[in-house]
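One structure below.
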Amino acid sequence: MSLENINWYPGHMKKTRELIAENLKMVDVVIEVLDARIPVSSRNPIVNELISGKPRIVVLNKSDLADEAANAAWIDYFKAEGSLAMPLNSMTGAGIPKLLNELEKMQDAKNEGQMRKKQLRMMIVGVPNVGKSSLINRLTGKKSAKTGDRPGVTKGKQWLSIENGMQLLDTPGILWPKFEDPKVGLNLAFCGSIKDEILDTPSLALELITVLRHDYADLITARYKLTEDDFYVDEYELEMSDDAEKTTSLAVMEAICKRRGWILPGKRIDYERGGRTILDEFRSATIGRITLEKVSHKG
Ligand SMILES: Nc1nc2c(ncn2[C@@H]2O[C@H](COP(=O)(O)OP(=O)(O)O)[C@@H](O)[C@H]2O)c(=O)[nH]1
Ligand SMILES: [Mg+2]
């Protein structure tokens with residue numbers, strides 16, 4: 001599959017949508033999970049239609065991997081949009097107390113002036129790999145919740161008790177990513193949300209380097225001990241290439257490979273190993289905390 005042509009399971013979309021809409025009828029609040037590094041690409045705006053005015057909490061998960069200043073800017077952005085929003089780390093649980101606190105406030109509001117207390121019911125929605133299952137595990141304190149991404153919510157669902165009697169639907173609503181913009185496919189691929197086997201690793205890494213050169217030049221410079229010269233391609237070479245961005249990124253990639261000794265016999269550059277490692281080091285935030293989509297980029 002080419003990078004320009006990453007696609008999802010369109011056949012399931014209608015069914016998924018119906019299932020999620022059906023389940024949403026039963027809940028008081030929707031928790032929309034996004035990947036903090038790519039809040040636009042990991043969001044499917046169909047959620048807005050599906051929840052039709054229901055209260056929502058936007059969770060910027062994997063906030064530990066994202067740029068802290070960008071997290072704060074996105075929180076403000078979602079608040080301005082009218083949604084409660086908060087950063088979260090479903091691996092460590094950082095942010096969970098605040099999330100529970102907001103949910104409890106909603107439960108109290110629901111019960112204000114009521115004799116018989118009702119439990120707040122909620123559901124988690126999001127595209128694959130944003131951390132829905134990890135969040136469910138965190139909220140329920142379970143070691144392992146159901147994993148495996150299947151569209152929609154399966155039959156035989158159950159309510160899981162979380163704190164203070166609040167009820168969480170055991171299966172999240174799995175939305176499909178919206179791929180209209182080719183950047184979305186790339187961003188999801190950078191973050192490891194699309195199986196690497198179907199992508200060309202060196203090409204993907206090259207695309208990532210282009211983004212990092214522009215937004216996080218200091219981080220890649222520090223991580224890979226680059227010099228200014230490594231970012232410089234001479235004018236003749238640029239003139240000969242039909243894609244100046246790509247040519248420059250290739251020069252940076254080659255500099256990284258040389259610096260790290262990713263060289264094959266015959267002094268050939270090991271693009272495969274270089275590409276894989278650069279992607280891994282981005283995904284694990286070894287390069288640093290990076291947000292690929294900033295509020296300011298949003299049109
Ligand atoms: N660093 C980090 N990794 C996370 C976080 N939440 C989930 N993950 C990882 O992201 C991957 C996808 O998580 P999962 O819960 O299966 O996502 P789901 O497909 O939405 O259910 C797993 O490898 C998790 O360990 C987080 O807050 N921080
Ligand atoms: Mg899951």
Side-chain angles (χ1 to χ4, degrees), residues 29-44 47 56-79 81 83-106 122-149 160-164 166 168-175 177 187-194 208 212 215-216 219 223 279-295:
V29 54
V30 179
I31 300 174
E32 183 183 13
V33 185
L34 305 180
D35 184 323
R37 297 167 295 176
I38 47 168
V40 181
S41 294
S42 64
R43 189 174 218 206
N44 186 332
V47 167
R56 138 179 45 194
I57 298 180
V58 175
V59 160
L60 288 179
N61 194 42
K62 309 196 186 187
S63 60
D64 54 309
L65 305 176
D67 186 327
E68 214 152 10
N71 285 345
W74 277 113
I75 301 292
D76 288 345
Y77 171 88
F78 287 114
K79 280 182 182 159
E81 198 188 73
S83 300
L84 257 170
M86 57 193 70
L88 203 78
N89 177 348
S90 292
M91 301 310 287
T92 63
I96 293 284
K98 181 165 162 52
L99 174 61
L100 287 170
N101 190 270
E102 293 297 341
L103 290 166
E104 279 176 34
K105 276 197 249 170
M106 287 177 165
M122 69 198 79
M123 176 181 180
I124 290 171
V125 302
V127 305
N129 206 45
V130 288
K132 298 178 299 300
S133 301
S134 308
L135 177 55
I136 292 177
N137 291 342
R138 270 287 151 192
L139 287 170
T140 58
K142 267 205 250 159
K143 282 277 181 289
S144 66
K146 283 176 200 163
T147 44
D149 282 328
L160 305 170
S161 287
I162 62 169
E163 222 159 89
N164 205 3
M166 297 187 291
L168 169 68
L169 205 58
D170 71 343
T171 322
I174 300 163
L175 296 162
N187 282 331
L188 291 166
F190 293 152
C191 293
S193 297
I194 292 167
L208 179 63
L212 300 184
D215 290 354
Y216 293 95
L219 288 186
R223 173 70 195 157
L279 285 168
D280 282 349
E281 295 194 348
F282 160 72
R283 290 171 185 165
S284 59
T286 305
I287 297 173
R289 294 176 63 174
I290 289 168
T291 299
L292 297 174
E293 291 176 318
K294 306 285 177 63
V295 173

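These values consider heavy atoms only, across backbone and side chains, with no hydrogens, waters or symmetry-generated copies.
Going from atom CG of L219 over to atom CG of D67 covers 8.0 Å, rounded to the nearest 0.5 Å. For the atom pair CG of L103 and CG of L168, the computed distance is 9.5 Å after rounding to the nearest 0.5 Å. The OG atom of S284 lies 10.5 Å from the CG atom of L279; values are rounded to the nearest 0.5 Å. Here the CD1-CD1 distance, from I124 to I174, works out to 11.5 Å after rounding to the nearest 0.5 Å. Atom CG of L160 and atom CD1 of I136 lie 7.0 Å apart (nearest 0.5 Å). Atom-to-atom distance recorded for L188:CG and I38:CD1 is 4.5 Å, nearest 0.5 angstrom.
Nearest heavy-atom pair, M106 versus L84, reported as atom, atom and distance to 0.1 Å: CE-CD1, 4.0 Å. Of all heavy-atom pairs between T291 and A66, the closest is OG1-CB, 3.4 Å.
Residues forming a salt bridge (charged side-chain N to carboxylate O under 4.0 Å, His left out) with E32 (at least two apart in sequence, or on another chain): R43, R56. For the salt bridge (charged side-chain N to carboxylate O under 4.0 Å, His left out) test, residues two or more places apart in sequence or in another chain that qualify with E102 are K98, K105. Under the side chain to side chain contact (heavy atoms under 4.5 Å, CB included) criterion, D76 pairs with no residue, sequence neighbours left out. Every residue was checked against the ring-ring contact (aromatic ring centres under 6.0 Å, His included) condition with Y216, not counting sequence neighbours, and none meets it. The salt bridge (charged side-chain N to carboxylate O under 4.0 Å, His left out) test applied to E104 returns no partner, not counting sequence neighbours. For R289, the salt bridge (charged side-chain N to carboxylate O under 4.0 Å, His left out) partners at least two apart in sequence or on another chain are E68. Take A94 and apply the side chain to side chain contact (heavy atoms under 4.5 Å, CB included) test, not counting sequence neighbours, and it matches N89, T92. Qualifying side-chain hydrogen bond (donor to acceptor under 3.5 Å, both in side chains) partners for R283, counting only residues two or more places apart in sequence or in other chains: D196. Every residue two or more places apart in sequence or in another chain that forms a side chain to side chain contact (heavy atoms under 4.5 Å, CB included) with L65 is listed here: R37, K62, A285. The side-chain hydrogen bond (donor to acceptor under 3.5 Å, both in side chains) check on S90 picks up N61, with sequence neighbours excluded.
For the 3.5 Å distance criterion, the side chains of S193 and N129 qualify, holding a donor opposite an acceptor. Inspection of the S41 and N187 side chains reveals an N or O donor paired with an N or O acceptor under 3.5 Å.
The closest side-chain heavy-atom distance from N101 to M86 is not below 4.5 Å. Counting heavy atoms from C-beta on, the side chains of D170 and T140 never come closer than 4.5 Å. Using a 4.5 Å heavy-atom cutoff, the side chains of L100 and L139 are in contact. When side chains are defined from C-beta on, I75 counts as touching L60, because their heavy atoms get closer than 4.5 Å. A heavy-atom distance below 4.5 Å is not found between the side chains of V130 and L34. Here the side chains of L292 and F282 are in contact, with some heavy-atom distance below 4.5 Å.
Side-chain atoms of S63 do not come within 3.5 Å of backbone N or O of P87 as any donor-acceptor pair. A donor-acceptor pair under 3.5 Å is absent between the side-chain atoms of N164 and the main chain of M166, judged by distance alone. In terms of modelled atom types and a separation under 3.5 Å, the side chain of W74 and the main chain of E293 share a donor-acceptor contact.
Of the options L169, V30, I162, a side-chain contact (heavy atoms from CB on, under 4.5 Å) to M122 is made by I162 and by none of the others.
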